[in-house]
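Both counts, for ligands and for their atoms, begin at 1 and track the order of listing.
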Amino acid sequence: MANSPHGGVLKDLHIRDAHKHDELLLESETLPSIVLTDRQLCDLELIMNGGFSPLEGFMNQSDYQRVLNELRLTNGCLFSMPITLDVSEFDIKALDLAPNKRVLLRDPRDDSRLAILTVQDIYRPNKIEEATKVFGDNDLAHPSVKYLHNHVKEYYVGGSVEAIKAPIHYDYIAHRYTPTELRAHFKKLNWTRVVAFQTRNPMHRAHRELTVRAARIRQANVLLHPVVGLTKPGDIDHYTRVRVYQALMPKYPNGMATLGLLPLAMRMGGPREALWHAIIRKNFGASHFIIGRDHAGPGKNSKGVDFYGPYDAQALVGKYKDELQIEVVPFQMMTYIPESDEYMPIDEIPKGTQTLNISGTELRRRLRGGLHIPEWFSYPEVVKVLRDTHPPKSKQGFTLFLTGYYNSGKDLIAKALQVILNEQGGRTVSLLLGEIVRSELSSELGFTKKARDQNIARIGFVSAELTKAGAAVIAAPIAPYADARAHVKQAIEQYGGFYLIHVNSPLEFCISTDRKGVYKKAQAGEIKGFTGIDDPYEAPTDADIVVDPSKQSISEICHQIILLLEKFKKVLTK
Ligand code: PPS
């Protein structure tokens with residue numbers, strides 16, 4: 001038998017409301033609608049499938065206030081996280097929201113109709129109070145405090161929901177279970193004791209050892225229950241993580257573990273979040289829940305101090321142990337002992353024993369550099385998944401962005417570089433000359449600042465996409481404005497290298513060698529707003545290299561650029 005749900009009854013609203021599905025759908029056509037945010041969507045999915053039982057909707061003011069003050073709903077049931085539907089004053093007026101009104105909730109991804117909310121009340125939260133009580137601090141370094149102040153709208157709408165349909169997912173569907181489905185799964189497998197493991201990170205050998213150890217101690221099976229909704233900004237994307245979990249599953253003894261994905265929007269709320277996680281796992285049927293070091297920790301505050309103590313979460317959940325009715329399995333950090341080739345919780349290791357550890361930062365460094373990751377730390381199958389999505393610098397794409405006056409020689413350099421990189425091989429090479437972009441992408445644009453910025457933004461977008469795909473991009477527009485160049489740099493650097501090359505030929509040189517007579521026309525006023533003549537050029541102050549074709553040969557310049565690429569490990573050597 002799976003563990004009983006929080007509050008005694010699993011609030012699977014899909015089952016409860018199935019008989020009136022057609023009625024709700026018909027009614028929804030007549031209702032005003034709220035298009036949910038990504039976070040509200042995650043919350044609604046778990047309200048509707050019973051993951052947040054005993055909730056049957058978004059919290060009204062009295063539930064909200066009591067959760068803030070006492071970690072309880074008004075009915076006395078333990079609940080640690082406010083689950084609220086935020087709207088703006090404009091929404092309230094435009095949708096004519098008021099108590100007893102009904103409103104349709106739509107999926108932001110495909111606009112589909114998910115649920116009907118009956119408004120109970122509309123209230124204005126005190127965000128500072130919420131931040132302080134829920135997260136312990138009103139510090140914007142906390143991702144949820146930042147979200148609260150920067151994204152959450154000014155009013156909350158409380159009310160119950162009736163379910164029309166669950167949000168559709170296209171990824172890893174076989175691993176997505178509702179609480180009802182997971183309970184049926186446990187029943188089918190004859191699992192009665194299930195220890196759930198929460199994670200938002202890739203799992204390595206330490207995690208496998210920890211979960212197996214927990215299972216052994218409690219004679220239980222293991223539910224890997226990673227979050228695939230919203231996690232901490234900057235985390236490894238869930239696609240990669242789920243492939244990691246899939247690679248890890250065969251490392252468990254056959255039949256010991258199940259992988260289920262949880263579409264939760266985490267709040268990184270440390271102790272309160274741990275309590276909430278335990279409640280959710282109870283709803284999913286788990287009898288045990290692992291809480292390790294720094295559970296759901298957001299890291300450091302603006303003073304450089306951790307928001308929560310490493311074992312605060314264990315302490316808070318421990319306090320409610322009796323009424324929670326899901327047994328918490330606390331763990332200290334698992335540490336590797338090379339001598340016996342095993343992992344042990346750090347508090348159980350005898351003093352003086354040699355131990356090894358690879359931190360998250362060190363792992364990222366090794367991935368970036370394509371450096372060795374030992375088998376005692378992770379499984380080759382897991383490392384392969386991570387290396388595929390985190391290629392070392394040498395395998396990432398890059399963009400060489402040449403900026404300079406018309407006829408400065410930037411096109412000659414760009415074309416020569418294309419040949420050199422093609423000869424080198426290993427990457428596709430894309431050449432985005434100013435005139436090609438102007439005819440293929442920006443033919444309707446002129447040469448005002450706005451139009452030029454738009455043109456450069458398009459080059460930035462295409463270059464970023466190509467860089468993401470591992471290509472070498474050589475872009476050579478005039479790009480006279482520093483802010484537009486900075487935006488391109490920012491767009492590309494998320495995916496690979498960006499190198500700014502200032503082709504700094506003096507204007508006189510550009511004019512005197514202009515065989516096509518374009519400058520003459522500009523000087524005669526036949527072309528208006530021509531860069532260098534009657535339009536500005538902001539010379540970069542942040543170029544990686546400054547070259548000058550009036551003094552250097554194209555070969556010399558290309559060699560200088562190749563040496564720069566080599567320094568950043570962008571030249572693929574055999
Ligand atoms: S920008 O500012 O980066 O968007 O300019 P770019 O896309 O590189 O386009 C410059 C080419 O268009 C021709 N041209 C002009 N350039 C500058 N100012 C004005 N008013 C202008 N009108 C036309 C110019 O010949 C550039 O050619 P290439 O060969 O690409 O440098």
Side-chain angles (χ1 to χ4, degrees), residues 399-419 429-467 472-493 498-550 552 554 557-558 561:
T399 294
L400 291 168
F401 193 95
L402 283 70
T403 169
Y405 289 120
Y406 167 68
N407 200 39
S408 57
K410 61 184 165 59
D411 288 17
L412 291 178
I413 302 168
K415 286 182 198 164
L417 281 171
Q418 182 191 30
V419 171
V429 183
S430 295
L431 183 62
L432 301 176
L433 293 179
E435 64 178 341
I436 296 175
V437 174
R438 282 279 171 182
S439 69
E440 298 299 322
L441 285 178
S442 296
S443 56
E444 88 289 9
L445 294 180
F447 289 88
T448 59
K449 174 162 193 317
K450 190 171 169 220
R452 288 176 191 264
D453 285 352
Q454 225 171 329
N455 180 46
I456 298 306
R458 288 177 192 175
I459 293 175
F461 173 75
V462 172
S463 303
E465 287 296 309
L466 288 166
T467 302
V473 183
I474 308 160
I478 296 177
Y481 296 110
D483 53 351
R485 294 191 299 254
H487 283 128
V488 173
K489 179 179 161 86
Q490 205 181 21
I492 290 169
E493 279 189 335
F498 173 88
Y499 306 101
L500 184 65
I501 297 152
H502 180 199
V503 184
N504 189 27
S505 316
L507 189 58
E508 309 76 61
F509 171 85
C510 303
I511 295 172
S512 65
T513 58
D514 172 22
R515 259 194 336 104
K516 291 189 188 155
V518 180
Y519 279 109
K520 269 208 182 84
K521 284 191 190 152
Q523 283 164 329
E526 289 167 40
I527 307 175
K528 299 261 182 282
F530 200 84
T531 309
I533 304 300
D534 55 349
D535 222 44
Y537 179 80
E538 298 172 3
T541 52
D542 56 345
D544 293 283
I545 302 190
V546 180
V547 297
D548 182 351
S550 74
Q552 299 169 275
I554 299 296
I557 291 170
C558 288
I561 295 168

* Nearest protein heavy-atom contact for atom 27 (O) of ligand 1: which residue, which atom, what distance? -> Tyr406 CD1, 3.5 Å
* Asked: In Å and rounded to the nearest 0.5 Å, what is the CD to OG1 distance from Glu508 to Thr513?
  -> 11.0 Å
* With heavy atoms of Arg438 as the reference, note each atom of ligand 1 found under 4.0 Å away. => 1 (S), 4 (O), 5 (O), 6 (P), 7 (O), 9 (O)
* To do: Quick one: list whatever passes side-chain contact (heavy atoms from CB on, under 4.5 Å) with Ser430, sequence neighbours left out.
  => Leu466
* Asked: Between Asn504 (side chain) and Val546 (backbone), is there a donor-acceptor pair under 3.5 Å?
  -> no
* Side chain, backbone, both or neither: which part of Ile478 comes within less than 4.0 Å of ligand 1 when only heavy atoms are counted? -> both
* To do: Step through the shown structure and confirm whether more than 12 heavy atoms of other residues, nucleotides or ligands are within 6.0 Å of NZ on Lys521.
  => no
* Decide whether the shortest distance between a heavy atom of Asp411 and an atom of ligand 1 is less than 4.0 Å. => yes
* Where's the contact between Lys528 and ligand 1, heavy-atom distance under 4.0 Å: side chain, backbone, both or neither? -> backbone
* Once you round to the nearest 0.5 Å, how far does OG of Ser408 lie from CD1 of Ile413? -> 7.0 Å
* Between Phe447 and ligand 1, find which residue part has any heavy-atom pair under 4.0 Å and reply side chain, backbone, both or neither. => side chain
* Asked: Which one holds for Ile456 and ligand 1: side chain close, backbone close, both close, or neither close, with close meaning a heavy atom under 4.0 Å?
  -> side chain
* To do: Determine whether more than 12 heavy atoms belonging to other residues, nucleotides or ligands lie under 6.0 Å from atom CD of Gln490.
  => no
* Top protein contact for atom 30 (O) of ligand 1, by heavy-atom distance -> Glu435 N, 3.2 Å
* **Interfacing atoms of ligand 1 (cut-off 4.0 Å, heavy-atom, Pro477)** => 3 (O), 8 (O)
* Look at atom 3 (O) of ligand 1 and say which protein heavy atom is nearest, naming residue and atom and giving the distance to 0.1 Å. => Ala479 N, 2.8 Å
* Structure fact -> Note: ligand 1 atoms sitting under 4.0 Å from heavy atoms of Thr531 are 17 (C), 18 (N)
* Asked: Where is the nearest protein heavy atom to atom 2 (O) of ligand 1: which residue, which atom, and how far?
  -> Arg452 NH1, 2.7 Å
* Of all the atoms in ligand 1, which lie at a distance below 4.0 Å from a heavy atom belonging to Gly529? -> 18 (N), 19 (C), 20 (N)
* Asked: Does Arg438 make a cation-pi contact with Phe447 (under 6.0 Å, within 45 degrees of the axis)?
  -> yes
* **Pairs flagged by ring pair (Phe, Tyr, Trp, His ring centres under 6.0 Å) wherever residues 510-530 is involved - sequence neighbours left out** => Tyr406-Tyr519, Tyr406-Phe530, Tyr519-Phe530
* **Polar proximity ligand 1 side, Asn455 side, N/O cut 3.5 Å exclusive** => yes
* Under-4.0 Å heavy-atom contact with ligand 1, by part of Asp535 that carries it -> neither
* **Per-atom contacts, ligand 1 versus Pro480 - under 4.0 Å to a heavy atom** => 2 (O), 3 (O)
* **Per-atom contacts of ligand 1 with Lys410, taking only distances under 4.0 Å to non-hydrogen atoms** => 31 (O)
* Check whether any side-chain N or O of Glu526 sits under 3.5 Å from a backbone N or O of Ala522 as a donor-acceptor pair, and report yes or no. => no
* Going by heavy atoms in the side chains, are Val503 and Pro549 under 4.5 Å from each other? -> yes
* **Ring-ring centroid check Tyr405 Tyr537, cutoff 6.0 Å** => yes
